[in-house]
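Quick note: numbers below take in every heavy atom, side chains included, and nothing from hydrogens, waters or symmetry partners.
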Amino acid sequence: QVQLVESGGGLVQAGGSLRLSCAVSGYIFSIDAMGWYRQAPGKQRELVAVITSGGSTNYGDSVKGRFTISRNNAKSAVYLQMNSLKPEDTAVYYCNVVSDPRNTGRGIDYWGQGTQVTVSS
């Protein structure tokens, strides 16, 4: 069975930094993309950052220039370095893995349990 184990969340003051980690436990035949989403109470789930198997990245507009996503394919892990944190970044952050081994265009999504990030002003 597959589990995505997240760590690194916590409480930080505005302007501070956190580094989130997500490691895949179990076997996924093919990982096409890994990324992070976040959701605050009463808000829609929002893309934070993704990185594809080819190494290309995409960031949500609100985090560009502040957050950096990276991966370690050998360890099936993805990281999110968050700098210059703002109170608006407060949310539950979810690790996401997309697997589309048959190239159907509709990959299977795996999700972590979420880790809380709280930024105080």
Side-chain angles (χ1 to χ4, degrees):
Q1 58 183 18
V2 174
Q3 290 189 113
L4 275 54
V5 182
E6 300 148 322
S7 62
L11 175 64
V12 66
Q13 293 186 56
S17 298
L18 286 172
R19 182 175 175 85
L20 304 183
S21 299
C22 175
V24 176
S25 176
Y27 179 72
I28 300 177
F29 179 76
S30 178
I31 296 176
D32 294 282
M34 307 182 78
W36 295 90
Y37 291 76
R38 67 187 184 187
Q39 188 168 24
K43 302 288 187 178
Q44 293 183 315
R45 185 182 65 182
E46 176 187 25
L47 169 69
V48 178
V50 295
I51 184 166
T52 70
S53 60
S56 63
T57 59
N58 287 309
Y59 294 92
D61 289 340
S62 64
V63 307
K64 288 180 179 177
R66 299 188 297 121
F67 292 8
T68 302
I69 189 169
S70 61
R71 67 182 183 183
N72 186 322
N73 288 340
K75 297 181 179 180
S76 296
V78 62
Y79 311 94
L80 184 69
Q81 180 66 46
M82 304 186 294
N83 298 325
S84 302
L85 283 162
K86 304 174 181 179
E88 305 91 90
D89 296 316
T90 296
V92 177
Y93 285 69
Y94 296 93
C95 180
N96 169 247
V97 171
V98 178
S99 179
D100 189 16
R102 299 178 182 178
N103 296 315
T104 65
R106 297 190 63 183
I108 298 172
D109 284 310
Y110 299 88
W111 294 93
Q113 81 287 348
T115 184
Q116 178 71 46
V117 172
T118 302
V119 184
S120 62
S121 59

Determine whether V24 and M34 satisfy the following criterion, side-chain contact (heavy atoms from CB on, under 4.5 Å), listing intermediate values before the conclusion. CA-CA 10 Å; V24 176; M34 307 182 78; 4.1 Å; yes
side-chain contact (heavy atoms from CB on, under 4.5 Å) between R45 and Y94, intermediate numbers included: CA-CA 9 Å; R45 185 182 65 182; Y94 296 93; 5.6 Å; no
As a quick check of understanding, evaluate side-chain contact (heavy atoms from CB on, under 4.5 Å) for R19 and Y79, giving each step before the final call. CA-CA 7 Å; R19 182 175 175 85; Y79 311 94; 3.4 Å; yes
Could you please spell out the steps behind the side-chain contact (heavy atoms from CB on, under 4.5 Å) verdict for C95 and V78? CA-CA 8 Å; C95 180; V78 62; 3.7 Å; yes
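A heavy-atom distance below 4.5 Å is found between the side chains of D109 and N96. In this structure, the side chains of L80 and T68 stay at 4.5 Å or more apart for every pair of heavy atoms. Side-chain contact between L18 and V117: present, with at least one pair of heavy atoms (C-beta onward) separated by less than 4.5 Å. Considering only heavy atoms from C-beta on, S99 stays 4.5 Å or farther from I31 through its side chain. Under the 4.5 Å side-chain criterion, counting only non-hydrogen atoms from C-beta, Q116 is in contact with V92. With contacts defined as side-chain heavy-atom distances shorter than 4.5 Å, the pair V2/V97 does not qualify. Put simply, the side chain of S17 reaches to within 4.5 Å of the side chain of Q81, judged on heavy atoms.
Atom OH of residue Y93 and atom OG1 of residue T115 lie 10.5 Å apart, to the nearest 0.5 angstrom. In this structure, N72 CG and C22 SG are separated by 12.5 Å, a value rounded to the nearest 0.5 Å. Going from atom CG of L4 over to atom OG of S25 covers 9.0 Å, rounded to the nearest 0.5 Å. Here Q3 contributes atom CD and Q1 contributes atom CD; the two are 5.5 Å apart, rounded to the nearest 0.5 Å.
Without hydrogens or angle criteria, N58 side chain to V50 main chain gives no donor-acceptor distance under 3.5 Å. Distance alone, capped at 3.5 Å, is enough to place a donor-acceptor pair between the R71 side chain and the T52 backbone.
Remark: Y110 pairs with no residue by the ring pair (Phe, Tyr, Trp, His ring centres under 6.0 Å) rule, at least two apart or across chains. Listed by chain and residue number, D89 satisfy the side chain to side chain donor-acceptor pair (under 3.5 Å) test with R66 (two or more places apart in sequence, or in another chain).
When only modelled atom types and interatomic distance are considered, S53 and D32 share no side-chain donor-acceptor pair under 3.5 Å. A donor-acceptor contact under 3.5 angstrom links the side chains of R38 and S62, judged on distance only.
Hydrophobic clustering (side-chain heavy atoms under 4.5 Å, transitive across Ile, Leu, Val, Met, Phe, Trp, Tyr) keeps I28 apart from V5. I69 and L85 fall within a single hydrophobic cluster, where Ile, Leu, Val, Met, Phe, Trp and Tyr side chains are chained together by heavy-atom contacts under 4.5 Å. Under the 4.5 Å side-chain heavy-atom criterion for grouping Ile, Leu, Val, Met, Phe, Trp and Tyr, L47 is not connected to I51 through any hydrophobic cluster. Under the 4.5 Å side-chain heavy-atom criterion for ILVMFWY residues, a single connected hydrophobic cluster contains both Y59 and V119. Y37 and M82 sit in two unconnected hydrophobic clusters of ILVMFWY residues. Membership requires side-chain heavy atoms under 4.5 Å apart, directly or through other members.
Ring centers of W36 and F67: at least 6.0 Å apart, outside the cut-off.
Heavy atoms only, all atoms of each residue included: A91 and A40 are closest at CB-N, 4.0 Å.
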